[in-house]
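Quick notes on the structure that follows.
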Amino acid sequence: EVLATMGVTLERAVNAGTDSDAFQAFTEAVGVAQAMYGKNGDFDGFLRKLRKTPVTVDTVRAEVEQFLVIMANLSAV
């Protein structure tokens, strides 16, 4: 359920017309992702990185792509 919600929210970020809309959807997905903390080391590292170096509107598209890759790895486990 959490993975599905993250996936839908990240899809909104990918398809967002503006970086600002992508940023909003990404931020929402990260909030949902907190429920998965502790389930996977790579995923936990990604979430910790986001706390140390917050995503900006300028960097959100690249972070969305990275999030999708990490999420795909979670789905495969």
Side-chain angles (χ1 to χ4, degrees):
E1 183 177 319
V2 174
L3 279 176
T5 302
M6 285 188 315
V8 168
T9 308
L10 286 173
E11 185 175 327
R12 278 192 6 243
V14 168
N15 295 322
T18 67
D19 288 346
S20 180
D21 289 343
F23 180 80
Q24 183 178 7
F26 178 81
T27 302
E28 194 176 315
V30 170
V32 171
Q34 296 302 321
M36 297 288 293
Y37 193 84
K39 306 279 185 197
N40 177 282
D42 290 337
F43 190 70
D44 293 354
F46 178 71
L47 293 176
R48 282 192 303 272
K49 181 189 86 150
L50 292 177
R51 282 189 225 124
K52 290 180 182 177
T53 310
V55 174
T56 67
V57 172
D58 296 329
T59 63
V60 70
R61 300 283 182 174
E63 293 296 342
V64 167
E65 293 301 320
Q66 185 176 6
F67 199 159
L68 287 169
V69 168
I70 290 170
M71 198 176 99
N73 290 337
L74 279 177
S75 299
V77 173

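The basis for the numbers below is simple: all heavy atoms, side chains too, and nothing from hydrogens, waters or symmetry mates.
Taking CD of Glu28 as the reference point, atom CZ of Arg12 lies at 4.5 Å (rounded to 0.5 Å). Considering CG of Leu47 and OH of Tyr37, their distance stands at 7.5 Å, rounded to 0.5 Å. Atom CD of Gln24 is separated from atom OG1 of Thr9 by 11.0 Å, given to the nearest 0.5 angstrom. Here the CG-CG distance, from Asp21 to Asn15, works out to 11.5 Å after rounding to the nearest 0.5 Å. Note that CG of Leu68 and CG of Leu10 are 5.0 Å apart. Values are rounded to the nearest 0.5 Å.
Closest non-hydrogen pair, Ala16 versus Ala22, comes out as CB-N, 3.4 Å. Asp19 approaches Val60 most closely through the heavy-atom pair O-CG1, 3.8 Å. When all heavy atoms of Gly7 and Met71 are compared, the pair lying nearest together is CA-CE, 3.4 Å.
Residue Val57 is grouped with residue Val55 when hydrophobic side chains (ILVMFWY) are merged at heavy-atom distances under 4.5 angstrom, including chains of intermediate members. Note on Val14 and Phe67: same hydrophobic cluster, where clusters join Ile, Leu, Val, Met, Phe, Trp and Tyr whose side-chain heavy atoms are under 4.5 Å apart, directly or indirectly. Both Phe43 and Val2 are members of a single hydrophobic cluster when ILVMFWY side chains are connected at heavy-atom separations under 4.5 Å.
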Please test Phe23 against Glu63 for side-chain contact (heavy atoms from CB on, under 4.5 Å), starting from the C-alpha separation and ending with a verdict.
-> CA-CA 10 Å; Phe23 180 80; Glu63 293 296 342; over 6 Å; no
Stepwise side-chain contact (heavy atoms from CB on, under 4.5 Å) test for Arg61 and Phe26 = CA-CA 9 Å; Arg61 300 283 182 174; Phe26 178 81; over 6 Å; no
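Within 6.0 Å of CD in Gln66 there are more than 12 heavy atoms belonging to other residues, nucleotides or ligands. Remark: Glu1 CD is loosely packed, at most 12 non-hydrogen atoms of other residues, nucleotides or ligands lying under 6.0 Å away. Dense packing is recorded around NZ of Lys49, with more than 12 heavy atoms of other residues, nucleotides or ligands lying under 6.0 Å away.
By the 4.5 Å heavy-atom criterion applied to side chains, Leu50 and Val30 are counted as neighbours.
Side-chain atoms of Asp44 come within 3.5 Å of backbone atoms of Gly38 as a donor-acceptor pair (strictly under, hydrogens ignored).
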